[in-house]
Amino acid sequence: MKKALAREPRWRREGQMPDYRFSLANERTFLAWIRTAMAILAGAIAIDQLTPQIAPSPVRVVLCLALAGIGALLAVEAYRRWSLQEQAMRHNQELPHAWLLVAMTAVVAAAAVVFAVLILLAR
């Protein structure tokens with residue numbers, strides 16, 4: 001039992017235990033962010049492996065690396081966001097602002113435009 005306690009972050013032993021429903025909702029949000037990160041990574045792999053004609057190789061590699069980097073950033077941010085929200089709930093504080101939501105929206109919109117142009121040019 002002591003071993004399990006040593007593995008959890010110190011902040012999990014601070015403040016008051018939040019209502020489990022809120023913790024579970026926070027966990028579902030974390031999992032949604034992880035699914036989104038995995039979808040972006042899958043998209044990077046699919047573009048590289050399934051559409052070699054969409055753009056010259058260097059352009060395709062840069063796009064795929066950018067998507068993979070965004071997926072990795074999103075996975076890291078998912079955990080950071082989950083832990084910050086858990087800490088806020090434990091201390092009855094306001095939930096932190098999610099600055100990444102605006103950035104992620106802009107990046108996905110830009111990627112959609114870039115890929116739409118590449119698809120049109122590849123025809």
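Sequential numbering from 1 along the given sequence is applied to the chain's residues.
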How close do R90 and R12 get, heavy atom to heavy atom, and via which atoms? NH1-O, 3.0 Å
Starting at CZ of R10, measure out to CD of E14 and round the result to the nearest 0.5 Å. 5.5 Å
Is there a path of hydrophobic side-chain contacts, each under 4.5 Å between heavy atoms, that joins L74 and L101? yes
CG on L100 to CZ on R80, rounded to 0.5 Å: 8.5 Å
From M89 CE over to F22 CZ, what is the distance, rounded to the nearest 0.5 angstrom? 8.5 Å
Got a second to check how far I70's CD1 is from M104's CE, nearest 0.5 Å? 10.5 Å
To the nearest 0.5 Å, tell me how far L84 CG sits from Q93 CD. 10.5 Å
With a 4.5 Å cut-off on side-chain heavy atoms, are L63 and V59 touching? yes
Could you check, using the six-membered ring where one of them is a Trp, whether W33 and F30 have ring centers closer than 6.0 angstrom? no
Transitive ILVMFWY side-chain link I34 to Y79, under 4.5 Å: yes
Which pair of heavy atoms, one from L95 and one from A88, lies closest together, and at what distance? CD2-CB, 4.0 Å
Other ILVMFWY residues reachable from V62 by side-chain steps of under 4.5 Å: none
Find the distance between CD (Q16) and CG (N92) and round it off to the nearest 0.5 Å. 6.0 Å
Under 3.5 Å, side-chain donor or acceptor atoms of residues 37-57 against the rest of the protein: list the pairs with distances, not counting sequence neighbours.
unit_1 : atom_1 : unit_2 : atom_2 : d
T51    : OG1    : I47    : O      : 2.7

Applying salt bridge (Lys or Arg N to Asp or Glu O under 4.0 Å), name anything that partners R21, two or more places apart in sequence or on another chain. D19
